[in-house]
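Some notes on the structure that comes next.
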Amino acid sequence: MNLTFASYNIHKAVGLDRKRDPERILAILNEIGADIVALQEADRRIGRRESVLPLQHIEDYTPYRAVPLNQRPDSLGWHGNALLVRRAIKVAEAAVVPLPVIEPRGAIRADLIAGGARIRVVGMHLDLSGLRRRHQLRAILAHLDRCAGHCPTVLMGDCNEWGVGLRRRGGALSELHAPWRILSTGRSFPSRRPVAPLDRIIVSPDWRVGACGVHHSALAARGSDHLPVWARLDLPKI
């Protein structure tokens, strides 16, 4: 089974032209063509915390549906974190991952059924503080340890790690001991001239990595201050 995963901090759908353009974000998602997408900054931060991507537009203009979390009626996810999956993929379970926070950050987890296999996905947006990021990654790993049953797992999101090279397991990411693999997707921030690999995809040893990278396009270069990252993963038959 081959699946494409993507992670995208959409900056509340506000692009470099300072225009909020949800249709542009949906067009970028269609360009990527992933099967499972983790979004960050998908909800407004104040007020009713409503989604910047109307649910009806997602259903009408993309092959995706949002993983339901049932936290806030107008939100797509939790603290801006959302998961989109192709409609053929079933959602077996979904939950908020409690994180130690000062600023509004978060993580969410979903167990999905794809091609007859159960897989586990975490979408996350980590803190600006390096020490807080470490604590948050520990909380995510502890949450996964408490989940019932082993599943092939993918973690993805905006890790806010500026000082870590493309292949180094440094900073807060050093909490992800082997056999976790941090993929070398590339530099994703800022979108106009990316210099930092802030956005990451991390996989359990169950997966074979076919390819991974940063999605570059004319739309993506101005749709958000981040570029999307993606990985094509194969799950061998057990």
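Closest approach of Pro236 and Arg208 over heavy atoms only: CG-NH1, 3.6 Å. In this structure, Arg44 and Val52 approach most closely via the heavy-atom pair CG-CG1, 3.9 Å. Listed here is the closest heavy atom pair of Lys90 and Arg65: CA-NH2, 3.6 Å. Shortest non-hydrogen contact noted between Ala172 and Leu137 is O-CD1, 3.2 Å. For Ser217 against Ala220, the heavy-atom pair with the smallest separation is OG-N, 3.0 Å. Between Tyr8 and Ser224, the closest heavy-atom pair is OH-CB, 3.7 Å.
If you chain together hydrophobic residues whose side chains sit under 4.5 Å apart, Met1 and Val209 fall into the same group. At a threshold of 4.5 Å between side-chain heavy atoms, the hydrophobic network of Ile, Leu, Val, Met, Phe, Trp and Tyr places Leu128 and Leu99 in two separate groups. Residue Leu55 is grouped with residue Leu39 when hydrophobic side chains (ILVMFWY) are merged at heavy-atom distances under 4.5 angstrom, including chains of intermediate members. Under a hydrophobic clustering in which Ile, Leu, Val, Met, Phe, Trp and Tyr are joined whenever their side-chain heavy atoms come within less than 4.5 Å, directly or via other members, Val91 and Val121 fall into the same cluster. Under a hydrophobic clustering in which Ile, Leu, Val, Met, Phe, Trp and Tyr are joined whenever their side-chain heavy atoms come within less than 4.5 Å, directly or via other members, Val14 and Ile28 fall into different clusters.
Once rounded to the nearest 0.5 Å, the distance linking CZ of Arg232 with CZ of Phe5 reads 12.0 Å. Rounding to the nearest 0.5 angstrom, the gap separating the CD1 atom in Ile89 from the OH atom in Tyr64 is 9.0 Å. Asp43 contributes atom CG, which lies 10.5 Å from atom NE2 of His79 (distance to the nearest 0.5 angstrom). A distance of 8.5 Å separates OH in Tyr61 from CD in Gln56, rounded to the nearest 0.5 Å. Taking CH2 of Trp207 as the reference point, atom CZ of Arg181 lies at 10.5 Å (rounded to 0.5 Å). For the atom pair CD1 of Ile201 and OG of Ser184, the computed distance is 11.5 Å after rounding to the nearest 0.5 Å.
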His216/Val214 under side-chain contact (heavy atoms from CB on, under 4.5 Å): CA gap, chis, key distance, verdict | CA-CA 6 Å; His216 294 273; Val214 176; 3.7 Å; yes

Residues His125, Asn81; criterion side-chain hydrogen bond (donor to acceptor under 3.5 Å, both in side chains); working and verdict | CA-CA 7 Å; His125 190 182; Asn81 290 276; 5.4 Å; no

Show the numbers, then the answer: is there a side-chain contact (heavy atoms from CB on, under 4.5 Å) between Ile202 and Met156?
-> CA-CA 6 Å; Ile202 300 139; Met156 50 185 174; over 6 Å; no

From CA spacing to verdict: side-chain contact (heavy atoms from CB on, under 4.5 Å), Arg24, Asp17 = CA-CA 12 Å; Arg24 177 168 55 192; Asp17 55 6; 2.9 Å; yes

Test side-chain contact (heavy atoms from CB on, under 4.5 Å) applied to Leu126 and Asp158, step by step = CA-CA 6 Å; Leu126 302 185; Asp158 180 356; over 6 Å; no

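Under the 4.0 Å criterion applied to side-chain N and carboxylate O atoms, Glu161 and Arg133 are assigned as salt-bridge partners. Using a cutoff of 4.0 Å between basic side-chain nitrogens and carboxylate oxygens, Arg134 and Asp127 are not scored as salt-bridged. A salt bridge is defined here as a Lys NZ or Arg NE, NH1 or NH2 lying under 4.0 Å from an Asp or Glu carboxylate O, and Arg86 with Asp35 meets this definition.
The main-chain N or O of Pro100 is found under 3.5 Å from a side-chain atom of Gln136 such that the two form a donor-acceptor pair. No side-chain donor-acceptor contact under 3.5 Å links Ser188 to the backbone of Pro228. A distance-only check finds no donor-acceptor pair linking the side chain of Ser191 to the backbone of Arg222 [under 3.5 Å].
Contact annotation: the side chain of Cys159 approaches that of Leu173 to within less than 4.5 Å [non-hydrogen atoms, C-beta and beyond]. Side-chain contact between Trp180 and Val203 is absent, with no heavy-atom pair separated by less than 4.5 Å. Contact check for Leu227 versus Phe189: no side-chain heavy atoms found under the 4.5 Å cut-off. Within the 4.5 Å cutoff, the side chain of Ile10 has heavy atoms near those of the Leu53 side chain. Residues Leu155 and Leu144 have side chains in contact (heavy-atom distance under 4.5 Å, counting atoms from C-beta outward). Residues Ile108 and Val122 have side chains not in contact (no heavy-atom distance under 4.5 Å, counting atoms from C-beta outward). Residues Asn160 and Arg105 meet the side-chain proximity criterion, which asks for heavy atoms closer than 4.5 Å. Counting heavy atoms from C-beta outward, Pro63 and Asn30 have side chains that approach closer than 4.5 Å.
Around CZ of Arg87, the count of heavy atoms belonging to other residues, nucleotides or ligands within 6.0 Å exceeds 12.
Each of Leu235, Leu233, Val154, Thr153 was compared with Ile119 under the side-chain contact (heavy atoms from CB on, under 4.5 Å) criterion, and only Leu235 meets it.
A side-chain donor-acceptor contact under 3.5 Å links Asp206 and Ser204. Side-chain N/O atoms of His226 and Asp199 include a donor and acceptor closer than 3.5 Å.
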In a table with atom names and distances, give each donor-acceptor pair under 3.5 Å that connects a side chain of residues 109-116 to protein atoms at least two apart or in another chain.
unit_1 : atom_1 : unit_2 : atom_2 : d
Arg109 : NE     : His143 : NE2    : 3.2
Arg109 : NH1    : Glu93  : OE2    : 3.0
Arg109 : NH1    : Asp111 : OD1    : 3.3
Arg109 : NH2    : Glu93  : OE2    : 3.2
Asp111 : OD1    : Arg120 : NE     : 2.8
Asp111 : OD2    : Arg118 : NE     : 3.2
Asp111 : OD2    : Arg118 : NH2    : 3.1
Asp111 : OD2    : Arg120 : NE     : 3.3
Asp111 : OD2    : Arg120 : NH2    : 2.9

